[in-house]
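A short worksheet on the structure shown next.
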Amino acid sequence: MKSEPDVFGIADLERDRVTIWDGVRNYQARNFLKSMEVGDLAFFYHSNTSPPGIVGLMQIIEAQVVDPSQFDLDGEYYDPKSTIIAPRWHTVKIEFVRTFNSQIALATLRDRFTSEELLAVKQGNRLSVMPILDRVAEQILQMAENLTPIN
DNA sequence: GCCAACGTTGGC
DNA sequence: GCCAACGTTGGC
């Protein structure tokens with residue numbers, strides 16, 4: 001799951017511990033959010049930063065959450081086509097698990113995985129929520145273990 | 001800041 | 001329903 005650190009980064013999640021992942025306004029990304037279940041783990045990815053990459057881990061603690069921002073008239077995620085009876089945007093509530101000692105850069109992920117193995121590595125991919133194979137996720141977690149801490 | 005890739009909008 | 005124009009994302 002991607003977020004720009006300037007907007008909401010892993011440090012913000014570590015501080016808040018729990019958050020609703022609101023503001024996703026892409027149908028494909030929303031469908032992936034809808035498929036998530038309580039207990040699922042997700043990587044936190046920093047986009048639009050240098051270098052971009054995976055910075056930590058979080059856990060889904062509530063599924064099928066109606067995104068409240070779609071009803072916020074003054075917010076940037078307001079959707080006039082959404083109604084309380086038929087909301088268009090669902091998301092998840094997540095909890096901070098941990099920040100990696102050092103981030104796993106996109107370049108490293110590209111070195112290690114093909115775009116078939118890891119969708120996030122595919123050039124031109126703009127999806128902010130993407131599925132990941134268990135096997136690949138385990139390898140990434142292993143990579144995180146082996147990272148040397150930054151001071 | 002540039003720009004390729006992609007999604008959305010809207011005229012027809 | 002097609003597709004050109006436009007807006008956005010996000011790596012570099």
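No hydrogens, no waters, no symmetry mates; every other heavy atom, side chains included, goes into these values. Residue numbering restarts at 1 for every chain, and letters A, B, ... go by the order of the sequence lines.
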Y27(A) has its side chain closest, among dG10(C), dG7(B), dT8(B), to dT8(B)
task = Determine whether the aromatic ring centres of W89(A) and F71(A) lie less than 6.0 Å apart.
result = no
Per the under-4.0 Å heavy-atom filter, residues of residues 115-125 of chain A near DNA chain B come out as Q123(A), G124(A)
Note to self: In the structure I gave you, are the side-chain heavy atoms of I10(A) and Y45(A) within less than 4.5 Å of one another anywhere?
What the structure shows: no
Here the distance between atom P of dT8(B) and atom CG of L127(A), to the nearest Å, is 10 Å
ring-ring contact (aromatic ring centres under 6.0 Å, His included) filter on H90(A), not counting sequence neighbours, yields none
Residue pair R25(A)/N48(A) against DNA chain B: nearer the 5' end by closest nucleotide is N48(A)
From CD of E4(A) across to P of dT9(C) the rounded distance in Å is 7 Å
TODO: Please check if the side chain of R25(A) supplies one atom and the backbone of Y77(A) the other of a donor-acceptor pair under 3.5 Å.
DONE: yes
- prompt: Parallel, tilted or perpendicular: which fits the ring planes of F44(A) and F8(A), with parallel below 30° and perpendicular above 60°?
  reply: parallel
Checking dG7(B), dG10(C), dG11(C) against the side chain of P52(A) (C-beta onward), the nearest is dG11(C)
For this session: Return yes if a side-chain donor-acceptor contact under 3.5 Å exists between E14(A) and T99(A), otherwise no.
Result: yes
Atom CD of Q103(A) and atom P of dG11(C) are separated, to the nearest Å, by 11 Å
(message) Between R110(A) and dC12(C), is there a contact of a side-chain N or O with OP1 or OP2 at under 4.0 Å?
(response) yes
Atom CG of D79(A) and atom P of dT9(B) are separated, to the nearest Å, by 10 Å
ask   = Reckon Y45(A) has a side-chain N or O less than 4.0 Å from the OP1 or OP2 of dT9(C)?
value = no
